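Side chains included, hydrogens not; waters and symmetry mates left out as well; all remaining heavy atoms used. All values derive from a computational prediction rather than experimental measurement.
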Amino acid sequence: MPSQKDPSSTSDNSAQDLSTQNALESAGIDSAATNYPHNPDFENGRWFPTWRPYKGDLDRDPVGINDYLPPSKSVLLGIQHTFAMFGATVLAPLLMGFDPNLAILMSGICTVMFFMITGGRMPSYLGSSFAFIGPVIAVTAYAGAGFNDNLNVALGGIMACGIIYALIGLLVMKTGTGWIERLMPPIVTGAIVMIIGLNLAPVTIQGVSANQFDAWMATLTVLLISGVAVFTRGMLRRLLLLVGLVLSYVAYFVMTNILGFGTAIDFSTVAAASWFGLPSIHTPRFEMSAIILIAPVAFILVAENLGHFKAVEGMTKARVTPYMGRAFLADGLATTFSAGFGGTGVTTYAENIGVMAVTKVYSTTIFVVAGLVAIILGLSPKFGAIIQTIPAALLGGASIVVFGLITVAGIKIWIDSHIDFSKNSNLIIAAVTVIMGTGNFSLHLGGFDLGGIGTATLAAIVLNALFNQSSEAK
């Protein structure tokens, strides 16, 4: 049976190249940035590209998006991607009181879904999104340790967010990405990314300040993760969160279970857990107050993934921008699916994009293997029980690093985009957004609380729209 026709693809020679360029320009996309050589196998006019065996030298030649490697190499590279996403994908659900085993399982399933919906044209891994942490904690009043008793309410909000995100994807498939880049230019996306980290800072610090022992263990965790990030190289550096947490876990075990300081780690649940089994499924509950607070995360995901997909295009030198609508749709549907069973919202992972940058292996079939490995790990309750024994102090220390890196990533967007802060419009957008988000300034629509991140995101978009209109009028 022939593959479904893709209206956004080209099918043949230079005339098709010109039509693609014209289509991108009419959609408001910078065609110069996406005017890479035409690849008839990748842009074949079908839903999936034409797959071809890799025939280059792995030490010298990159592996293309629609290339595939022998099974043995694919498995090893897939496992590497699984480990690259592992630390953050496990940490995010623990910070929100979700089941980390279910999050791992859903990340694997959602990555395979993403591959199918995007037609294998966008090399990405979908893991737990940190953008949901602030709104989920606000909605559920989660204390920061153990299972989240109000999880079901958060799941309903995450599903609504996923649906909105998927609808944005359909709109982009119809109209192109130009309007998104105008709605959320780098000054806006940088500010939004910054406030994700800054808004969570007070909660993180309070969580590790219960007693001096926890505070010192959190500090040790920060130092160990930072040491791995600075003094190691290669894949070990990519696993800074995972390796740092393992080292701090060993140190905590020695200090408590052996030397008697602090609260000892209880391994009874690990011994009682079975090796194989399904994680617990949770049913969403839809409450408008939670939906209003969590749904705006869709715009944060758009901004975040827009940068990721542009990075992928730059690395692969393949025209993936015309398929960005598919990617938004896929991520939105995957987030909705994951939350429907009790999992976290998902997003494309910068960690895995970093692995691609190092290895020069861009084949999307590798991500299918990575997803299958994650599914196998997610089906082991014993593995999940081990994760649940991680002390809150260590998670707090890891959170300090993660939220700090998120904040700096927002600043990096400004630097990379050469934002001109001599313009008052840029100064006001950045200043208002960052302070609103950091101070958790929240507006109410009727009886609904937008939350600090939601209010600041809305303010950034509205201010940018007003100032842009004023500039265009002048």
Side-chain angles (χ1 to χ4, degrees), residues 95-96 129-142 154 157 160-161 164-165 180 182-207 288-304 306-307 345 347 399-400 402-415 417 419-471:
L95 295 176
M96 294 184 286
S129 172
F130 283 80
F132 289 97
I133 296 176
V136 166
I137 291 175
V139 165
T140 61
Y142 180 57
C161 175
I164 292 172
Y165 190 16
I180 291 181
R182 288 190 295 271
L183 186 68
M184 291 189 292
I187 182 64
V188 173
T189 55
I192 292 172
V193 172
M194 279 187 67
I195 63 174
I196 295 173
L198 292 173
N199 181 267
L200 296 168
V203 177
T204 302
I205 299 303
Q206 290 171 11
M288 189 56 66
S289 57
I291 292 173
I292 290 292
L293 195 59
I294 297 177
V297 173
F299 297 100
I300 298 174
L301 295 178
V302 168
E304 178 182 56
L306 183 67
T347 186
S399 299
I400 292 173
V402 169
F403 298 151
L405 289 173
I406 292 173
T407 302
V408 173
I411 300 173
K412 189 174 184 298
I413 290 175
W414 288 345
I415 295 173
S417 302
I419 298 299
D420 183 4
F421 282 106
S422 66
K423 294 182 178 179
N424 284 348
S425 58
N426 288 338
L427 279 174
I428 294 298
I429 292 171
V432 171
T433 304
V434 170
I435 295 302
M436 275 187 171
T438 304
N440 202 34
F441 178 81
S442 182
L443 293 176
H444 292 255
L445 293 176
F448 306 121
D449 185 354
L450 286 176
I453 294 177
T455 301
T457 299
L458 179 62
I461 293 173
V462 170
L463 288 175
N464 175 70
L466 289 174
F467 295 155
N468 278 345
Q469 289 176 3
S470 176
S471 298

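- By the 4.5 Å heavy-atom criterion applied to side chains, I419 and P186 are counted as neighbours.
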Legend entry - CA sep, side-chain torsions, deciding dist, call: I461, N464, side-chain contact (heavy atoms from CB on, under 4.5 Å): CA-CA 5 Å; I461 293 173; N464 175 70; 5.9 Å; no
Inset, instruction - I would like to know whether M194 and W414 meet side-chain contact (heavy atoms from CB on, under 4.5 Å); could you show each step before the answer? - result: CA-CA 10 Å; M194 279 187 67; W414 288 345; 3.5 Å; yes
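- For the pair P296 and I291, the tightest heavy-atom approach, listed with the atom from each and the gap, is CD-O, 4.2 Å.
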Could you go through residues 428-437 and list every donor-acceptor pair under 3.5 Å that involves a side-chain atom there, pairing it with any protein atom two or more places apart or in another chain?
{"from": "T433", "atom 1": "OG1", "to": "I429", "atom 2": "O", "distance (Å)": "2.6"}

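- Taking each heavy atom of A298 and C161 in turn, the nearest pair found is N-SG, 3.3 Å.
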Inset, instruction - Determine, stepwise, if the pair L95 / F132 fulfils side-chain contact (heavy atoms from CB on, under 4.5 Å). - result: CA-CA 10 Å; L95 295 176; F132 289 97; over 6 Å; no
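- A pairwise comparison of heavy atoms in F421 and N426 identifies CE2-O, 3.9 Å as the closest pair.
- Qualifying side-chain hydrogen bond (donor to acceptor under 3.5 Å, both in side chains) partners for T438, counting only residues two or more places apart in sequence or in other chains: none.
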